[in-house]
Amino acid sequence: MTFWSRFFIPTLKESPADAEIASHKLLVRAGLVRKLSGGLYTFMPLGLRVMQKLTQICREEMNAASAIELWMPHVHPVENWQEGPRWAAAREIMFRVDSAGDGRRSSREPEFVLGPTHEEVITPLVKSEITSYRDLPKNFYQIATKFRNEIRPRYGLMRAREFVMMDAYSFDVNDEAAVKSYFGMKAAYESFFRRLGILAIAVEADTGVMGGSFSHEFMVPAEVGDDDIIYCEESGYAANREKATSALVPAEFVDPAAEEAVTAFDTPGVVTIAALAEAPYSLPPSKQFKTLIYIGDGKPFVVILRGNDELEEAKLGQLGFSVFRPATPEEILPVMGAKPGSLGAVRGTIANPGALAGIFADHAVRLIGNGTTGANRDGVHLRNVNVKRDLAIERFGDFRKVHAGEPCPKSGRPLKSRRGIEVGHIFKLGTKYSEKYGATYTDDQKQTHLMVMGCYGIGISRTLQAIIEQSHDADGIIWPWQVAPFHVLICVLDPQVTEAMDLALSLAAEAERHGAEVLIDDRSERPGVKFKDADLIGLPLRLTIGGKGLKEGVVEMKPRTAKEALKVPLADASARLAATIKDLSSASRT
RNA sequence: CGGGGUGUAGCUUAGCCUGGUAGAGCGCCUGGUUUGGGACCAGGAGGUCGCGAGUUCGAAUCUCGCCGCCCCGACCA
């Protein structure tokens, strides 16, 4: 048992000025964390206890899924990254470590970097340690600090520069086995989040800079989340909006027939879809082609969308460029022959088609028949443009941003959307890393093969905050039993009264016999202060021992979620406490 | 990095527009009265007003520069 007066829980009456959302305010007010700097937080004693609960549950679930714990350095030689497949894309979020202390001049490239994740360390390790199919499959994990120089840290622990993550890496003999590992981890994640007592749903996700073939994110539904989840209750389809598709173009769709020849018309000063939709042109956005120019690995390429659609930039990842960005007007002019606003991809109108790395179009442009696009001459557009007949499209793909209300790709019913906090992510990586680092094994036919990898992450510290975001009320945090920093709070209103303190100690011992961790509030504060703090730190069960109750021969028992306290006669207190602990500790396991 | 906001005691802040003694509440310390939902009284400590220039007789206040922090966007667990 722990005594509040000898522990350290610095609670705050008022919310810190720099906290915006409920969970961030409560983290600080309940004394769980203190800020050092943007995105950098100290875990205070109470917050550390929650972190330890989370890591332990995570460890148990990973072990149960046959993953093996190890511990890798956080400082990585930069060579590991330079030799890897994503240095160009990842370097901007990495902290560099130069030999600041030894008086040497700093070099253009760092000697070391702080690890944002560990594919670049584990893959070379496995390459040198595992060479036989007999040693596969293997799945290694660690629960450790990660460093990412986030462009914009946000909302306390939600997006921090330094955070605690469980990261796991699986190695299999072939694709089929890797898929098995992948779904084994997906199941482990599901049981991890279930044990925490919070709702986290798996959604299909984009693979991003990580690469690989497919991926799921685990999302805690919350308004403050960074991600949009697109889902359908009918079919169970759920995806991050970056990845979501819709059945906007039916499978049996027949492209509209071309009516008339392409003709040019003057549009002086018109450079936006919206302007072309106005009189005198009055061309609805859905009948216009939107022609965007991007630079992929240094070379321009074209993406065509419907005028009323938006580009989902993450979906450009499927094109295989390691880095891409929108082109500037200066880059566009020599290639296309016009400035943005008059661009198009009609055959023969592009000034320098040889400079392009490709012309790609979203499937939905097929819905446009006899549409309008730029002529690649400033102030001129073309009408009666048809996808098949006129546009120099090399490849169709899914590039548009999906919105709620569009038909579900599985059921055809209208899709819905909600916000979510990404607390976990799993990737089937394939051979992207094993190829780069030469992680191979020999099979029973003496043949050499690449290992097939998967990688897996859970944001432990982010999960901590997501729990608070999902489980709190106006008075404070409501901890699920499994992750609560303590389970039972015994409020002794008159700690100087021996009889009261003795009772507290014996009930605390009883609670501990039943597996509960007890915090005794023995501070010489007024009752109001104790009750407010009790609600704020949100332990699942509160016992109150006060002069009033003792006179009546009762103690009060109040689960954090209950409205009223229950008066329990002293004679029944032990039994009642044991029963309540049993109830509460099993309730949140469902 | 682009846009917006903000910086005054440990915390929450007033004062800034219109330059002239830096104020309050919480918290902290001392004493007293209290004691079942953030008590009251009396006394006290605590401030380079983010940093640096400038304007001025005089700058928290006006001007310029820099820095930190927060929010929106791109990115992520």
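Each chain gets a letter, A, B and so on, in the order the sequences are listed, and its residues count up from 1.
Comparing the same atom, C1', in B/rG50 and in B/rG7 gives a spacing of 6 Å after rounding to whole Å. Nucleotides B/rA14 and B/rG23 have their C1' atoms positioned 7 Å apart, rounded to a whole Å. One C1' atom belongs to B/rG27, the other to B/rC17, and the distance between them is 32 Å to the nearest Å. For B/rU48 and B/rC70, the C1' atoms lie 25 Å apart once the distance is rounded to whole Å. Here, B/rU30 and B/rC67 have their C1' atoms 40 Å apart, quoted to the whole Å. To the nearest whole angstrom, the two C1' atoms, one in B/rU61 and one in B/rC49, are 10 Å apart. Between B/rA74 and B/rU56, the two P atoms lie 48 Å apart (nearest whole Å). Separating the C1' atom of B/rA59 from that of B/rC51 is a span of 15 Å, rounded to the nearest Å.
Which of B/rU12, B/rA39, B/rG37 sits closest to the side chain of A/Ala17 comes down to B/rU12. Of the candidate nucleotides B/rG38, B/rC11, B/rC69, B/rC69 has the atom nearest to the side chain of A/Arg161.
Side chains of A/Thr245 and A/Asp398: a donor-acceptor N/O pair is absent below 3.5 angstrom, by distance only. Side chains of A/Ser191 and A/Glu61: a donor-acceptor N/O pair is present below 3.5 angstrom, by distance only.
The distance between the ring centers of A/Phe360 and A/Phe301 falls below 6.0 angstrom. In summary, the aromatic rings of A/Phe214 and A/Tyr182 are positioned with their centroids under 6.0 Å apart.
For A/Glu313 against B/rG73, a side-chain-to-base donor-acceptor contact under 3.5 Å is absent. A donor and an acceptor atom never sit less than 3.5 Å apart when one is taken from the side chain of A/Arg542 and the other from the base of B/rG36. For A/Arg154 against B/rC75, no side-chain N or O and base N or O form a donor-acceptor pair under 3.5 Å. Judged by distance alone with a 3.5 Å cut-off, a donor-acceptor contact links the side chain of A/Arg29 to the base of B/rG38. Scanning atom types as modelled, no donor and acceptor separated by under 3.5 angstrom connect the side chain of A/Asp227 and the base of B/rC75.
For the pair A/Ser37 and B/rC69, the criterion of a side-chain N or O lying under 4.0 Å from OP1 or OP2 is met. When the side-chain nitrogen and oxygen atoms of A/Lys35 are compared with OP1 and OP2 of B/rC70, one or more of them lie within a distance under 4.0 Å. Between A/Arg152 and the phosphate of B/rC72, there is a side-chain N or O to OP1/OP2 separation shorter than 4.0 Å. Here A/Lys530 does not reach the OP1 or OP2 of B/rG38: none of its side-chain N or O atoms lies under 4.0 Å away. Residue A/Arg148 has no polar side-chain atom (N or O) positioned under 4.0 Å from OP1 or OP2 of B/rC76. Distances shorter than 4.0 Å separate none of the side-chain N or O atoms of A/Tyr155 from OP1 or OP2 on B/rA77.
Applying a 4.0 Å cut-off to non-hydrogen atoms, the residues of residues 486-505 of chain A that approach RNA chain B are A/Leu493, listed by residue number.
Residue A/Gly546 is in base contact, counting any heavy-atom pair closer than 4.0 Å across all strands shown.
In this structure, A/Asp18 and A/Arg159 both approach RNA chain B, and ranking their closest nucleotides by distance from the 5' end singles out A/Asp18. Residue order along RNA chain B, read from the 5' end via each residue's closest nucleotide, puts A/Ala565 first among A/Ala565 and A/Phe218.
Judged purely by atom type and a 3.5 angstrom limit, A/Asp521 uses its side chain to pair as donor or acceptor with the backbone of A/Arg523. Within the 3.5 Å criterion, the main-chain N or O of A/Ala484 finds a donor-acceptor partner in the side chain of A/Lys53. Remark: side-chain polar atoms of A/Glu150 are not paired, donor with acceptor, to backbone N or O of A/Arg161 under 3.5 angstrom. At distances below 3.5 Å, not a single donor-acceptor pair connects side-chain atoms of A/Tyr433 with backbone N or O atoms of A/Pro85. Counting only distance, with no hydrogens or angles, the side chain of A/Ser471 and the backbone of A/Ile467 share no donor-acceptor pair below 3.5 Å. A donor-acceptor distance shorter than 3.5 angstrom exists from the side chain of A/Gln465 to the backbone of A/Leu157, with no hydrogens or angles considered.
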Given Watson-Crick or G-U pairs with both distances under 3.5 Å, what dot-bracket string fits RNA chain B, with | for other-strand pairs and [ ] for crossing? (((((((..((((......[..)))).((((((.....)))))).....(((((..]....))))))))))))....
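A stacking contact between A/Phe531 and B/rG36 is absent: the pair does not combine a ring-centre distance of less than 5.5 Å to the base's six-membered ring with planes differing by less than 30°.
Screening residues 5-42 of chain A for ring pair (Phe, Tyr, Trp, His ring centres under 6.0 Å) gives A/Phe7-A/Phe486 as the qualifying pairs, with residues at least two apart or on separate chains.
Atom-to-atom, CD1 of A/Ile143 to C1' of B/rA77 comes out at 14 Å; the value is rounded to the nearest Å. A straight line from NZ of A/Lys13 to C1' of B/rA24 spans 15 Å, rounded to a whole angstrom.
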